[in-house]
Amino acid sequence: MLSRELFGTVTLYDLFLAVVILVGAFFGTKLLVTYMRRSIKDKVSKDHLQIIVKAMYYGIMIIALLTVLPLLGVQISGLLLAGGFAGIIIGFASQNIVSNLISGIFLMIERPIKIGDAVNIDGTMGIVNDIKIMSTIVRTYEGLFVRIPNIRVFTGTLTNFVSNIVRRFSYTIGIRYRDDAELAISVIKKLIENEPMALVNPAPMVFVSELGESSVNIQVHIWAPTTDWFALRNEMLWKIKKNLEANGIQIPFPQRVLWFEKPADSDQLEPGTKTIDKTDS
Amino acid sequence: MIRIRYRILGLGGKKMAKKATGRPKKTKTKFYGDKALPFELEREAITLRAELKNGVLEYFRSCDGKEQVHRVAIKDSGIRVHPVEPLHVPKMLTHYLMIQFETPILVEPGHSMEVFVTFPVEIAVLVTHPSTDEVLDVFSVARTKYALYGEPHDGVICRHWSSPVTAEPPQSNIIQQGTMSLTLKNETARWMKITKSIFNGYGMKLYFNDTDIAMKAVMRIIGKNLAETDFLTEPAESDMQLSTELFAVKKMSMQSRKYVMEGEL
């Protein structure tokens with residue numbers, strides 16, 4: 001009964017075998033993937049795990065499919081020829097889909113981003129939640145779900161904020177002209193020295209960068225581990241402000257000096273000799 | 001992100017006094033070791049106190065004006081205070097320690113020499129149990145700073161420590177720092193100037209007694225910008241005991257215990 005031909009040379013046995021192989025491959029792959037997930041979860045990062053698991057799943061399923069096709073009377077060589085023509089037609093018809101697919105494959109090979117990275121993809125800022133074969137899923141800092149086609153991720157401008165293990169941040173601190181800039185620099189340097197997450201190397205830099213209109217500007221550059229960069233940047237600015245004030249150094253308001261050619265009260269003011277200071281600096 | 005699994009190595013120390021009650025007695029002689037409950041330790045700005053109340057261990061730590069309290073339900077456990085790898089405070093950011101030499105050392109070609117440097121220590125308080133120990137508290141009074149070794153895209157973050165280099169073991173304060181005997185082996189055919197040494201926390205072997213904390217390490221200088229560091233599993237003095245290793249490596253783990261310096265030496 002099993003040797004009865006159903007269509008062409010395909011027997012009931014062939015069909016049965018094909019179904020068994022496909023079903024076996026499907027459930028076998030599921031089991032294998034589950035086992036792999038459990039066994040290597042602690043040894044590889046989440047994104048590596050996703051790539052390994054997906055590659056294994058699709059690889060086994062493709063092999064199973066190629067195995068059963070001859071059983072069903074489909075010759076792979078003929079399929080390749082037909083597939084070539086069909087591919088051209090489908091390719092033209094679904095250019096965007098194919099572009100996204102190819103971009104997705106290249107993204108997985110090149111790996112400019114990983115799951116969990118903080119990124120800016122063409123103006124969309126957030127955390128990478130998933131990198132799929134057609135699209136990349138980003139959770140914005142406002143908690144929104146954004147699906148970005150892989151072609152945009154691959155060809156657009158991509159900034160990965162956590163790709164490097166350290167990152168620099170800078171402040172420009174303005175102090176009054178009457179304040180001691182060297183004292184201000186030493187106060188800031190001491191604060192940096194006492195902060196564990198402010199790296200020793202690359203060395204921090206604190207220097208007078210500009211004699212501004214209203215203030216002497218001190219530039220501060222600090223390197224920090226990428227994981228602690230944001231918290232440190234927020235924390236240090238307020239510490240610098242408080243410590244400068246504790247040392248009698250103030251951050252001035254913008255000010256403008258006005259010279260009156262003909263003062264309103266000529267008894268008190270000589271032309272061009274008195275300034276009106278609008279601030280307390 | 002570094003994933004570290006604690007594994008505490010039992011040392012077969014003294015049995016704890018169990019279910020002890022009453023006022024804690026002050027102990028000023030030995031800072032490190034197994035402690036009988038109740039106890040109180042004071043050293044400089046540190047005060048540690050633990051007592052048992054109805055099966056609940058109350059542990060207090062006061063350090064630099066900051067106080068912490070932990071409560072643990074115990075039955076057969078005790079307390080152990082040990083110096084540990086200086087890589088946990090303020091958080092476990094890295095498992096590398098960089099010792100920057102205050103003055104560089106010039107090493108002759110083919111020459112091997114032993115020098116002494118200091119290293120920071122952290123203090124771990126553990127709840128000991130016949131089957132497995134648990135970390136209750138880790139703190140430090142040593143200066144904590146970090147530094148990048150290498151470039152931002154491929155370097156490593158290290159706990160940074162600046163140390164003088166001496167020919168004799170320096171005096172050190174055991175709650176802040178220990179002494180490392182470092183053997184520098186110049187295997188190249190040129191004079192080498194060494195400014196720093198980087199060590200892997202997974203290989204660290206701290207030994208201690210009542211007065212000192214010590215480690216022994218080797219730095220093989222292989223090339224102009226290539227060196228390998230490793231620790232020796234032997235105490236500096238015969239009466240020293242091996243400290244608890246929080247960065248212990250599993251026997252089957254692929255985690256390396258050495259570190260290969262491939263940048264500036």
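Naming convention: chains lettered A, B, ... in sequence-line order (proteins, then strands); numbering from 1 in each chain. Keep in mind the model is a prediction, meaning the values are calculated, not measured.
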Who pairs with A:Thr29 by side chain to side chain donor-acceptor pair (under 3.5 Å), at least two apart in sequence or on another chain? none

Run the side chain to side chain contact (heavy atoms under 4.5 Å, CB included) test against A:Phe207 and tell me which residues pass, sequence neighbours left out. A:Met205, A:Ser209, A:Gln219, A:His221

Out of B:Ala147, B:Pro90, B:Ser162, which one racks up the most heavy-atom pairs below 4.5 Å with chain A? B:Ala147

Taking the side chain as C-beta and beyond, is there a heavy-atom pair between B:Met219 and B:Met261 under 4.5 Å? yes

Please tell me if the side chains of A:Phe161 and A:Asn120 come closer than 4.5 Å, counting only heavy atoms from C-beta onward. yes

Structural part of B:Arg143 lying under 4.5 Å from a heavy atom of chain A: side chain

Go through the atoms of B:His153 and report whether side chain, backbone, both or neither lie under 4.5 Å from a heavy atom of chain A. both

Any side-chain heavy atom of B:Tyr96 within less than 4.5 Å of one from B:Ile157? no

Please determine whether side-chain contact (heavy atoms from CB on, under 4.5 Å) holds for the pair A:Asp228 and B:Lys91, giving the CA-CA distance in whole Å, both sets of side-chain angles, and the decisive distance to 0.1 Å. CA-CA 11 Å; A:Asp228 297 85; B:Lys91 67 176 194 177; 2.9 Å; yes

Contact listing (chain B partner; residues 193-202 of chain A; heavy atom under 4.5 Å): A:Glu193, A:Glu195, A:Pro196, A:Met197, A:Ala198, A:Leu199, A:Val200, A:Asn201, A:Pro202

Residues two or more places apart in sequence or in another chain: which of them pass side chain to side chain contact (heavy atoms under 4.5 Å, CB included) with A:Met36? A:Ile40, A:Ile52, A:Met56

